[in-house]
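The structure that follows is given in the form of structure tokens.
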2 protein chains.
Amino acid sequence: MEKQNKSAMADGRTLVKLVYFSANGDNCEESRDGSIVVRSGCSVLQGRLCFAKFETRKIDDCLEFIRFNILQHSGVHQHPNGTARDKLSIKATGGGAFKFADLFNEKLGILFDKEDEMHCLVGGVNFLLKTVPREAFTYLDGQKEFVQIDHNDLYPYLLVNIGSGVSMIKVDGDGKYERISGTSLGGGTFLGLGKLLTKCKSFDELLELSHHGNNRVIDMLVGDIYGGTDYSKIGLSSTAIASSFGKAISDGKELEDYQPEDVARSLLRMISNNIGQIAYLNALRFGLKRIFFGGFFIRGHEYTMDTISVAVHFWSRGEAKAMFLRHEGFLGALGAFASYKDQSHNNDLESQHHTVQRAILNCSGDNFRHIPVAGNLNEGETIECSINLV
Amino acid sequence: MEKQNKSAMADGRTLVKLVYFSANGDNCEESRDGSIVVRSGCSVLQGRLCFAKFETRKIDDCLEFIRFNILQHSGVHQHPNGTARDKLSIKATGGGAFKFADLFNEKLGILFDKEDEMHCLVGGVNFLLKTVPREAFTYLDGQKEFVQIDHNDLYPYLLVNIGSGVSMIKVDGDGKYERISGTSLGGGTFLGLGKLLTKCKSFDELLELSHHGNNRVIDMLVGDIYGGTDYSKIGLSSTAIASSFGKAISDGKELEDYQPEDVARSLLRMISNNIGQIAYLNALRFGLKRIFFGGFFIRGHEYTMDTISVAVHFWSRGEAKAMFLRHEGFLGALGAFASYKDQSHNNDLESQHHTVQRAILNCSGDNFRHIPVAGNLNEGETIECSINLV
């Protein structure tokens, strides 16, 4: 038997993401009012972190899930009309923290305790890298290779979050981070331009299309300029892209004359190369030896991980490797989850109860309607962990 | 009276560019065979550098110009069927050095002495910055401001050449340079994507269109994400572009629903911002305090100078300024012109004659058919200068 004791929830503009801690039953006992509380004298809760996500258009499924899996087991009963003190307060971050606040209050009697999105993002990465084995991996030639990172040698690192735009964040420690750069050429540019150029309706459709395309049809290669030979003295091979979409200037073709898959492929290469380059230049600038990539552009999409990896390899001349995170899709929720730690000394409602029925809602910057729920690496996975009770 | 004594010619895929030195008449005298030679005992030639350009599709005009303005005055007569030793050898660089070699040999009896394109490009910039006053300028808010650069404090600098693609070259001295970076998002991307998206036929048409557009229609701004307010703690104003073309992902519009001028504007901002950012990061990386921008994307186009300047200002937080060159359109030809210097001790045909009737053909990387000949800053201008005769 297990009981849900600590939980965290996350939501994107498309997806609500939930991370919750499910304590092993032997840590807990039933109190007189029927709620599950931590067994007296127990200072460490053993259990598992569980992950779930819901499409925001099916937000009722999410409410039902929380009601059944978290509230019911934790002995917190619905009292939507209760006072603020009676209500359960859960962490919420991102846009949905505002969007769904009233709904959660009305339907579940849950108040949102809003956390900064970037703070949660960084907190989530730190949490994963410090607590979850086999979390970070490189992706080269279709091969995933896990990298074990020494906790004492984690900081500083560069976190590149590719949402609609791209944020590049230098992380120096727990809660210590700075947005040092970014670029407006991100996932929104890929999908935005992609929709205009190919009539694709979704990110996945565009990505799938690009997989079958040939960028050499539209991109001007170094070899196209230098007569098929390398311009090796400046370190460029004949197949390097000299000008993205450069052939379109002189082909005499119109948009309709190109295959959509070739356009999609050029677009993907353009955006990926560019992000890889700017990320590498920023890592160099600040002496950061590791670059982690996340955000919906990356999220489990093997083809974008591949192009980003190739780009970082190209620009660093093999000196740097792009790294990815297995639970990347839940960074915000995990960060909000981790942020409870900072408040563990607060004498709040939950700590008095010694139950850990807190949930965290994270609305990430995603703005896409078509990320498949099944697309993540970590669907249905759980992480065994323990929580120290202060 | 003036005589043409030293000359340099340049050609792009669209334009043949000619730089020639026209010595003042009092330096010269007519020899017995009717050619103009430098007056005996004269060690310094006073004169002017002159510039001319011709559309490659009107290459016959170029041949005629050279025949009349350079060959006739220098006493070099046409002997297309002469031996190589009889023929005039002129410097040629870029693609046209190959493309027009046979034509020049057949029609004018001129042989091409091919020079490396990048070598000439760098040589041209060095020549200008060291010898021509009021050559470099900044462009801010529509205002050109000339910058006088101390010759002893010129190197190292970053040269960003924006053709179809972009080359970033670290210049450490005469003939000392390295291509340190670049990006495939260049003028070819602007025009290539622009043609596909707006049906514009030319660079100038697209640029003019972008001038009337509003990028906020398609770009997702920081304010669009954070509810119209600045996200000031990360240093982003509400009007900063968060995602180029990001609004196109959720507008429910098709390409036809957008105004072409808004698309063109977003595209220009995207490309310019990106080049400005990558240039600045590379300048930082190598400790280069000056960034000069050139190439057809820049060439006299006030609107692209403006967007590049804004981008460098933005990314450097006001610490760096983009700089431009007045004679930027003739860099290759000027560099080839300057490269004669290296050979001044050679006992070649011309130096025996003490005439300086050499011409230089430079084919730059331009790939555009519609750069107006009148578009450059330096049309009809000449530069007074002197040449030391060894």
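Only this structure's heavy atoms are used, side chains among them; waters, hydrogens and symmetry mates stay out. Labels below follow one simple rule: chain letters A, B, ... track the order of the sequence lines, proteins then strands, and each chain is numbered from 1.
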When the 4.5 angstrom heavy-atom criterion is applied to B/Glu178 and chain A, the contacting part is neither
Scored by heavy-atom pairs under 4.5 Å with chain B, the best of A/Gly182, A/Gly194, A/Gly186 is A/Gly182
From the list B/Ser266, B/Ala240, B/Ser243, the residue making the most non-hydrogen contacts under 4.5 Å with chain A is B/Ser243
Greatest number of heavy atom pairs closer than 4.5 Å to chain B - which of A/Ala248, A/Gly165, A/Ser244 |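 With the most close heavy-atom pairs to chain B, the winner is A/Ser244.
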When the 4.5 angstrom heavy-atom criterion is applied to B/Tyr258 and chain A, the contacting part is side chain
A/Lys176 atom NZ, over 12 foreign heavy atoms within 6.0 Å
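No, the 6.0 Å shell around NZ holds no more than 12 heavy atoms from other groups.
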Exactly one of B/Ile249, B/Ile218, B/Leu193, B/Val263 clears side chain to side chain contact (heavy atoms under 4.5 Å, CB included) with A/Leu193, and that residue is B/Leu193
With chain B, the option among A/Ile180, A/Leu196, A/Asp219 that has the most non-hydrogen atom pairs under 4.5 Å is A/Leu196
- prompt: Should we count CZ of A/Arg216 as having more than 12 external heavy atoms under 6.0 Å?
  reply: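 12 or below, so no.
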**Steps toward side-chain contact (heavy atoms from CB on, under 4.5 Å) verdict (A/Trp315, B/Ser181)** = CA-CA 8 Å; A/Trp315 290 108; B/Ser181 195; 3.9 Å; yes
Under 4.5 Å to a heavy atom of chain B? For A/Glu254 that would be both
So, the part of A/Lys199 with a heavy atom under 4.5 Å from chain B: the answer is side chain
- [ ] Sort out for me which of A/Leu284, A/Ile278, A/Ile169, A/Ile241 touches chain B most, counting heavy-atom pairs under 4.5 Å.
- [x]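 Counting heavy-atom pairs under 4.5 Å, the top option is A/Ile278.
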* Going from CG on A/Leu197 to CG on B/Leu197, what distance comes out if it is rounded to the nearest 0.5 angstrom? ->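 Rounded to the nearest 0.5 Å, the CG-CG separation comes to 4.5 Å.
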Report task. For side-chain contact (heavy atoms from CB on, under 4.5 Å), just list the numbers for B/Met270 and A/Thr183, CA-CA rounded to whole Å, side-chain angles, deciding distance to a tenth of an Å, and then say yes or no. Result -> CA-CA 9 Å; B/Met270 180 179 92; A/Thr183 164; over 6 Å; no
One should read off an interatomic distance between B/Asn274 CG and A/Thr189 OG1, to the nearest 0.5 angstrom, of 9.5 Å
In this structure, CG of B/Asn273 is separated from OG of A/Ser184 (nearest 0.5 Å) by 6.0 Å
